[in-house]
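Heads up, the thing below is written out as structure tokens.
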Amino acid sequence: MCGIIAITRNPEAAYEQPLAGILIDCLERLEYRGYDSAGIALLVGGMENDGADDAAIWRIRAAVSKQSLKELRKHAPSAPGPPRSDSAGIGHTRWATHGRPSEQNAHPHLDCTGNIAVVHNGIVENWRELAEELSRSGHELASETDSELIAHLIEDELRMDTSTQLHGIEATRRALQRITGSFAIAVLDTRLDGGLVVARRLSPLVVGMGGGMCMAASDLPALLGLSGNYYVLEDGEIAELTPESITAQDLDGHARTLHPIHVSWDIEAAQKSGYDDFMGKELHEQPAAVMDTLLGRFVSDGKLALDETRITDDELREVDKVFIVGCGSSFHSGLVVKHALEHWTRIPTEIDISSEFRYRDPILSSSSLVIGVSQSGETMDTLQAIHLARQLNAKVLAVSNVVDSSITRQSDGVLYTRAGPEIGVAATKTFSTQIVALQMLALYIAQLRGILYNDETSLIMDQLRDLPRLMRHALDRDEAVKSVAEDIAGQRDLFYIGRNTGYPVALEGALKMKEIAYLRAEAYPAGELKHGPIALIEPGTVVLAIATKGRLQKKMHANISEVKSRGAKVIAVANDGDTSTAALADHVLYVPETVSLLAPVVDVIPLQLLAYHVARFRGCDVDRPRNLAKTVTVE
Ligand code: F6R
């Protein structure tokens, strides 16, 4: 998830503010989309009165986490350039997915000639194939990113079509047809005489017009205050921007009409995309985050594309025991995936809270695989756990949301979640993306060991790819969850029960309720209730039961009956149309059905929403809960 901005303005007008400053201001308002590096590119020179065209691209980039924009400001022009020179520019603030955060990997990226600059948000799924193809035809790639390929693809189209002088938008449109995956892009091209090309597929992009300028950005906050008229570029559309006009077409070249959008947000609301807080926004970003995490991971030859790996396939084949270590929600995602890992790979899998792992004298060897799961990649307990694992010769693989974080540098292999920055302290989209990343890893190991055939892996990948759709349906029930939240907001104690993969869902639901709503919420494996905790159930006690379909659903029904008969008020998470669970429960939070091993990312959604609404009914600050920090760098 990155932020992009593009502006073109009248080259004849005299301006007080240099375009570089405006672009950086806009990027500042997009920093919540990423902040590990940033850059801008401006058109300089241009057609002179004598007809000579000396247009060129001036570019500046910086990679200083959270300080990159300050760096850019230091070096950007502080006064407007001469007419023509200061009329078009693009900018980018990055959240690394392909290639570590560095100046070399920061956008904008240039083609070989330096006449085309591109900023990109999204994932080029077929980047390996394209990179090989472009290298073979003589392109020199200067970065490790998938994004840079887009500049070279445009250049390639121009090179291939020397006869007909491709119209500006046409080369980009053809280049984008060669890409699979997602993109929102802005292209600055010296041939466009101050115009810009923007396009999107699956990644967001809005365009605006007004005050002698046209502009585009990955999100509205960047444009607020610059333009009075906003339009959404629809999925699969490309547009050419001049200072006075926006002309759109689809990626097949058919003309399209832009539809205006009405915006009543102020800048703060816009940064939260209209949500009152970041947690609400991030909760709803989960389907997109899961989709991004899945995109392009299983490449054409059936291999899983790990982001960095110093572990060979042979070593993965030889693994005889897996250990997953993590804290809080990251521990819970490991608990969810232990089931799939053992089921698909038949490798015994242990799961440990990081701070316990390091002091329990674990038995590890060179055939052990230790997976460190950490959203931030900086959690001290998890870092210490993987240090120990490396000392004991185990292979270490990190699953993290932050490129080049400490855990990724200290591991043998890395699989990134692509959730974008998570600003709310409570983990939401990083939890669901950790699960799907770990599930892909499990599938890959199963395939390597010959336990699953490629076609079985493909079938499960299809089911994984369907999760964002199901998650969206679960999120659509927000209002129904809110009314249940209102009903229980005055409670003090809550119990969460589940079995199998439903148990970590219960743990995660209870953790959300504890940390943001400050309610005592305890989670138990439902079968364990009768061994003690059931003594706490009394008339009116609220019990959340994860009772979605699966081989243990009947047992969950029996557990629901046990607590009901002691007077509990039961709120069940159940699948759409499940009348048997509805008959037992006081309230049902409905979710769409999927296969049990994959269901947790869908089933957890109503519990996240419930904690969120209860916290808000109780007047709690959901983004900054008391006593908690987003990154825990102490033991
Ligand atoms: C819960 C939460 C924490 C983190 C834990 C680990 O909502 O945010 O429990 O999951 O502190 O953090 P990472 O994943 O950064 O290692």
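Order of listing sets the numbers, starting from 1, for every ligand and every atom in it.
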Ignoring angles and geometry beyond distance, decide whether A427 reaches within less than 3.5 Å of ligand 1 through its nitrogen or oxygen atoms.
-> yes

Report the nearest protein non-hydrogen atom to atom 6 (C) of ligand 1: residue, atom name, distance rounded to 0.1 Å.
-> C327 O, 3.3 Å

Answer yes or no: is there an ion pair linking K338 with E342, defined by an N-O contact shorter than 4.0 Å?
-> yes

Counting only heavy atoms, which portion of T382 has something under 4.0 Å from ligand 1: side chain, backbone, both, or neither?
-> neither

Numbered atoms of ligand 1 (with element) below 4.0 Å of K512, judged on heavy atoms = 1 (C), 7 (O)

Ion pair D412/R310, N-O distance below 4.0 Å | no

Should you measure from each heavy atom of V425, which atoms of ligand 1 turn up under 4.0 Å away?
-> 8 (O)

Anything under 30° is parallel, anything over 60° is perpendicular, the rest tilted; go ahead and classify Y32 against F278.
-> tilted

Given E515, Q608, E422, which has its nearest heavy atom closest to atom 7 (O) of ligand 1?
-> E515

Which ligand 1 atoms, with their elements, are less than 4.0 angstrom from a heavy-atom of S330?
-> 10 (O), 13 (P), 14 (O)

What atoms in ligand 1 come closer than 4.0 Å to a heavy atom of S374?
-> 13 (P), 14 (O), 15 (O), 16 (O)

Can you check whether S376 has an N/O within less than 3.5 Å of an N/O in ligand 1?
-> yes

Salt-bridge present (K272, D277; N to O < 4.0 Å) | no

Measuring from the heavy atoms of E378, does anything fall under 4.0 Å of ligand 1?
-> no

Is it true that R29 and D219 make a salt bridge, defined as a side-chain N closer than 4.0 Å to a carboxylate O?
-> no

salt_bridge(D36, R100) N-O dist < 4.0 Å | no

Just need the protein heavy atom nearest to atom 3 (C) of ligand 1, so name the residue and atom and give the distance.
-> S329 N, 4.2 Å

Is E285 salt-bridged to K429, going by a charged N under 4.0 Å from an acidic O?
-> yes

Atoms of ligand 1, numbered as shown, that sit under 4.0 Å from any heavy atom of T379 = 12 (O), 13 (P), 15 (O), 16 (O)

Q434 versus S330, closest heavy-atom pair with distance | NE2-OG, 3.0 Å

Stepwise, does the ring pair (Phe, Tyr, Trp, His ring centres under 6.0 Å) test hold for H332 with F431?
-> CA-CA 8 Å; H332 296 160; F431 172 71; 7.0 Å; no

Which protein heavy atom lies closest to atom 11 (O) of ligand 1, and at what distance to 0.1 Å?
-> V632 CG2, 4.3 Å

What protein heavy atom sits nearest atom 9 (O) of ligand 1, and how far off is it?
-> G328 CA, 3.2 Å

